[in-house]
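Since the structure comes first, as structure tokens, the remarks are kept for the end.
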Amino acid sequence: RFLDEYSKHNVTFWAVTAQNEPLAAVFTPPEFPTIVFTAAHQRDFIVRDLGPALANSPHPTQLIILDDQRIHLPHWAEAVLGNATAARYVAGVGVHWYLDGIVPPRCSLEATHKLFPHHFLLYTEACSGFLTFR
């Protein structure tokens, strides 16, 4: 429905994410408008609902998973892309950069790419000044 409404105004999307920062609700006050999505929940949502809905829609829109800190890789990708049904609906993995100093790229991005070389890795969110001392 989201894609249908935008297309009425000639706005198309090349990709969407299942949810931005699916684990943010763990760390935010209850007034923050989000829900917790574990990797297993996201996998199941993609298999049962979002994947088939996108596949059956007239929109050539790709699906991106995670869309959160790379500290969650490769576990998140293993949980979602390790499921053959979910993997066929997913084009890539969205990553945020805020905690990059904690997890080396070799342990997160490279490990994920080696496990799932046919799925892209894309930085989907970043900002300057996140850490005030930098």
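In this chain, numbering begins with 1 at the start of the sequence shown.
With rounding to the nearest 0.5 angstrom, the CD1 atom of Ile102 is 13.0 Å from the SG atom of Cys107. Between atom CG of residue Leu54 and atom CG of residue Asp49 there is a gap of 11.0 Å, rounded to the nearest 0.5 Å. A distance of 10.5 Å separates NE2 in His119 from CG in Leu121, rounded to the nearest 0.5 Å. Rounding to the nearest 0.5 Å places CD of Glu78 at 14.5 Å from NE2 of His72. The OG atom of Ser108 lies 9.0 Å from the CD1 atom of Ile71; values are rounded to the nearest 0.5 Å. One finds the CG atom of Asn20 at 5.0 Å from the CD atom of Glu125 (value rounded to the nearest 0.5 Å).
Here the side chains of Ile64 and Val93 are not in contact, with every heavy-atom distance at 4.5 Å or above. For the pair His59/Asp4, a side-chain contact is recorded, criterion being any heavy-atom separation below 4.5 Å from C-beta on. Counting heavy atoms from C-beta on, the side chains of Leu122 and Val95 never come closer than 4.5 Å. Side-chain contact between Phe116 and Pro74 is absent, with no heavy atoms from C-beta onward closer than 4.5 Å. Contact check for Gln62 versus Phe120: side-chain heavy atoms found under the 4.5 Å cut-off.
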Let me see the working for Tyr123 and Leu109 under side-chain contact (heavy atoms from CB on, under 4.5 Å), right down to the final yes or no. CA-CA 11 Å; Tyr123 273 100; Leu109 300 176; 3.8 Å; yes
Hey, mind stepping through Val16 and Leu63 against side-chain contact (heavy atoms from CB on, under 4.5 Å) and telling me if it holds? CA-CA 5 Å; Val16 294; Leu63 181 58; 4.3 Å; yes
The test is side-chain contact (heavy atoms from CB on, under 4.5 Å); show your working for Trp76 and Leu81 and say whether it passes. CA-CA 8 Å; Trp76 198 280; Leu81 299 177; over 6 Å; no
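Distance alone, capped at 3.5 Å, is enough to place a donor-acceptor pair between the Arg70 side chain and the Val103 backbone. Side-chain N or O atoms of His96 include one that pairs as donor or acceptor with a backbone N or O of Asp67 at under 3.5 Å. A side-chain donor-acceptor contact under 3.5 Å links Gln42 to the backbone of Leu66. Although no hydrogens or angles enter the test, the distance criterion places a donor-acceptor pair under 3.5 Å between the side chain of Thr38 and the main chain of His41. Listed for the Thr61 side chain is a donor-acceptor partner under 3.5 Å among the backbone atoms of Phe13.
The neighbour count for Tyr6 OH, taken as heavy atoms of other residues, nucleotides or ligands under 6.0 Å away, does not exceed 12.
Among all heavy-atom pairs drawn from Tyr89 and Ala55, the shortest one is CE2-CB, 3.9 Å.
Hydrophobic clustering keeps Trp14 apart from Ile46 (ILVMFWY residues linked when any side-chain heavy atoms are closer than 4.5 Å, directly or through intermediates). In the hydrophobic clustering of ILVMFWY residues, with side-chain heavy atoms under 4.5 Å counting as a link, Phe37 and Val47 come out apart.
Side-chain heavy-atom separations under 4.5 angstrom define the hydrophobic clusters, and Ile35 shares its cluster with no other residue.
No donor-acceptor contact under 3.5 angstrom links the side chains of Gln69 and Trp97, judged on distance only.
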